[in-house]
There are 2 protein chains.
Amino acid sequence: MSLPHAILTALLEKPSSGLELARRFDKSIGYFWSATHQQIYRELGKLEQAGLIRVLPAAAPARGQKKEYEVLPAGRAALTSWVAGADDPRPVRDPLLLRLRAAAVVGTAGLAEELQRHLDLHRCQLAEYRAIEERDFPPERDSEEDRLRHAVLRGGIGLETFWTQWLTEALTAVGEQAAGERGSGRG
Amino acid sequence: MSLPHAILTALLEKPSSGLELARRFDKSIGYFWSATHQQIYRELGKLEQAGLIRVLPAAAPARGQKKEYEVLPAGRAALTSWVAGADDPRPVRDPLLLRLRAAAVVGTAGLAEELQRHLDLHRCQLAEYRAIEERDFPPERDSEEDRLRHAVLRGGIGLETFWTQWLTEALTAVGEQAAGERGSGRG
DNA sequence: TGACACATGTAATCAGTTACATGATTGC
DNA sequence: GCAATCATGTAACTGATTACATGTGTCA
């Protein structure tokens with residue numbers, strides 16, 4: 001239920017074609033809601049049929065030609081009511097936590113390398129977010145309209161910070177575990 | 001690719017029937033990999049056909065009768081190699097962050113209540129995790145085999161801690177934003 | 001015998017991923 | 001004309017969700 005609303009948000013910020021949306025989903029909005037161009041094209045079709053968006057008259061609607069979409073009043077209304085609605089947080093579903101749990105049963109062979117790899121990836125992402133924060137939200141200058149966008153970015157920063165801390169801790173635990181397995185001949 | 005491994009892990013800890021697994025997925029393993037009984041039954045069928053698990057001979061395999069499964073050596077091997085394998089972290093995909101971003105475009109009407117509701121839910125979950133930690137992992141007593149399980153639980157605690165902090169912050173931002181919208185007649 | 005909890009399953013649908021197909025534009 | 005790139009789209013598949021169907025055991 002989120003992808004159509006992600007697209008409406010992106011189109012309100014700037015009318016775009018499908019591929020332009022796909023590229024913007026690789027940055028900005030994609031940081032907390034990723035989507036491929038196939039998903040986006042399918043969803044644009046549905047949104048148009050539902051009367052929430054329309055093709056800009058200027059754009060030629062032929063195959064291979066750019067087709068720009070804009071949000072109609074019904075689309076803005078739908079987004080507004082989605083923002084106000086209720087939607088329970090999804091239960092966590094993280095393969096890495098699952099793998100650590102599995103490792104407690106079958107042993108930690110090969111796991112440390114993978115944790116280290118994830119740690120590097122999360123550090124990298126965190127650095128990227130911090131760079132964006134410095135660039136787009138200089139201290140004491142948040143305008144009213146930027147305050148929410150900044151809060152969203154801080155969400156990303158908080159999550160990456162959590163993962164780097166947790167992975168550092170987990171690496172220690174796995175290291176000690178592996179030592180124990182070697183010591184008792186379980187490795 | 002994670003559900004079958006979640007099931008293998010659960011079955012290694014204790015041979016079980018489908019419904020028993022479903023119940024255990026409501027606690028413990030379900031805290032970081034949820035699944036419904038329909039998913040579990042389907043997956044048990046696939047795992048049995050793949051020769052990774054088998055029905056315990058004791059159990060009567062009739063409809064309406066309990067069917068207990070246990071992991072075969074091939075299943076343990078599959079799980080071991082999955083633990084050692086590589087699997088990139090999925091990009092974040094969080095509807096709540098998306099809603100906050102949408103609110104930056106169409107206004108925050110109704111959003112504060114929803115953030116407060118989520119905050120309450122996360123606080124509740126955090127309290128549950130802390131209770132489990134106190135009960136199952138008393139200080140300075142972690143055995144070697146418990147160290148990994150404890151790390152997993154700390155993952156859950158860290159995530160819930162992050163959300164409660166972030167939501168508290170976000171509520172402030174939304175409050176100020178709403179005040180601004182009222183002041184300038186945008187609400 | 002009727003209600004209810006336990007237990008296993010099927011069917012339909014939806015969301016997301018992967019692989020591929022096709023047309024248009026530009027530069028050589 | 002050909003290759004490379006931009007752009008739109010189709011098809012097949014996998015994973016997850018929702019709703020429903022069916023059988024068994026127990027107890028009032």
Side-chain angles (χ1 to χ4, degrees), chain A residues 1-8 10-11 15-26 29-30 32-50 53-56 58-69 82 87-95 98, chain B residues 1-8 10-11 15-26 29-30 32-50 53-56 58-69 82 87-95 98:
Chain A
M1 287 293 292
S2 291
L3 179 57
H5 301 105
I7 291 178
L8 287 173
L11 285 181
S16 313
S17 69
L19 204 60
E20 279 164 4
L21 280 176
R23 276 201 274 263
R24 285 167 64 194
F25 270 70
D26 281 342
I29 287 193
F32 47 89
W33 199 272
S34 61
T36 61
H37 79 273
Q38 291 87 343
Q39 268 179 288
I40 289 169
Y41 282 122
R42 222 185 332 169
E43 206 61 45
L44 282 172
K46 284 188 206 167
L47 286 170
E48 190 184 6
Q49 225 174 352
I53 62 175
R54 67 162 184 177
V55 178
L56 277 176
R63 193 178 176 116
Q65 296 284 317
K66 209 196 271 196
K67 248 166 86 179
E68 295 224 304
Y69 291 90
W82 179 70
D87 190 10
D88 281 350
R90 303 253 143 197
V92 176
R93 220 185 229 165
D94 190 284
L98 192 57
Chain B
M1 287 294 292
S2 291
L3 179 57
H5 302 104
I7 292 177
L8 287 172
L11 285 182
S16 313
S17 69
L19 205 60
E20 278 165 5
L21 281 176
R23 275 200 275 263
R24 285 166 64 194
F25 270 70
D26 281 341
I29 287 192
F32 46 90
W33 199 274
S34 62
T36 62
H37 78 273
Q38 291 88 341
Q39 269 180 286
I40 290 170
Y41 282 123
R42 221 184 335 166
E43 205 61 45
L44 283 171
K46 285 190 206 165
L47 286 170
E48 190 184 6
Q49 225 174 352
I53 62 174
R54 66 162 183 175
V55 178
L56 277 176
R63 192 179 176 115
Q65 296 284 316
K66 207 195 274 196
K67 247 165 88 178
E68 295 224 303
Y69 291 90
W82 179 71
D87 190 9
D88 281 351
R90 302 255 143 197
V92 175
R93 223 189 227 158
D94 190 283
L98 193 57

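Quick caveat, the model's predicted, so the values are computed rather than measured.
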With the side chain of B:Met1 defined as its heavy atoms from C-beta on, choose the nearest nucleotide among D:dT8, C:dT8, D:dG15. D:dG15

Candidates C:dT10, D:dT10, C:dG16 - which lies nearest the side chain of A:Trp33: C:dG16

Within the pair B:Thr36 and D:dT18, is there a side-chain N or O less than 4.0 Å away from OP1 or OP2? no

Atom-to-atom span, CG of A:Asp88 to C1' of D:dT17 - whole angstrom: 15 Å

Closest to the 5' end of DNA chain D, once A:Ser17 and B:Gln38 are matched to their nearest nucleotides, is A:Ser17

Assess whether one donor atom and one acceptor atom, taken from the side chain of A:Arg42 and the base of C:dG16, lie less than 3.5 Å apart. yes

Taken to the nearest 0.5 Å, the spacing of A:Phe25 CZ from A:Leu19 CG works out to 12.5 Å

Quick one: on DNA chain C, does A:Ala35 or B:Arg23 contact a more 5' nucleotide (nearest heavy atom)? B:Arg23

Send over the distance from A:Lys66 NZ to C:dA24 C1', rounded to a whole Å. 13 Å

Nearest-Å distance for atom pair CG/P, residues B:Leu44 and C:dA7: 14 Å

Write down the distance between CD1 (B:Ile40) and P (C:dA7), rounded to a whole number of angstrom. 14 Å

With salt bridge (charged side-chain N to carboxylate O under 4.0 Å, His left out) as the rule and sequence neighbours excluded, what pairs involving residues 33-46 of chain B come up? none

Nearest whole Å is fine: how far is D:dT5 C1' from A:Glu20 CD? 15 Å

Rounded to whole Å, how long is the line connecting atom CG of B:Leu19 with atom P of C:dG9? 11 Å

Is a donor on one side and an acceptor on the other found under 3.5 Å between the side chain of A:Arg24 and the backbone of A:Ile29? no

Any A:Tyr41 side-chain nitrogen or oxygen under 4.0 Å from OP1 or OP2 of D:dT8: yes

Can you tell me if A:Arg54 uses its side chain to pair, donor with acceptor, with the backbone of A:Glu48 under 3.5 Å? no

Any side-chain N or O of B:Arg90 less than 4.0 Å from the OP1 or OP2 oxygen of C:dG16? no

Which whole-number value in Å describes the distance from B:Gln39 CD to C:dT13 C1'? 14 Å

Reported CG-to-OH distance for the pair A:Leu44 and A:Tyr69, which is rounded to 0.5 angstrom: 5.0 Å

Using heavy atoms to find the nearest nucleotide of DNA chain D for B:Glu43 and B:His37 separately, return the residue whose nucleotide is more 5′. B:Glu43

Write down the distance between CG (A:Leu3) and P (C:dA15), rounded to a whole number of angstrom. 9 Å

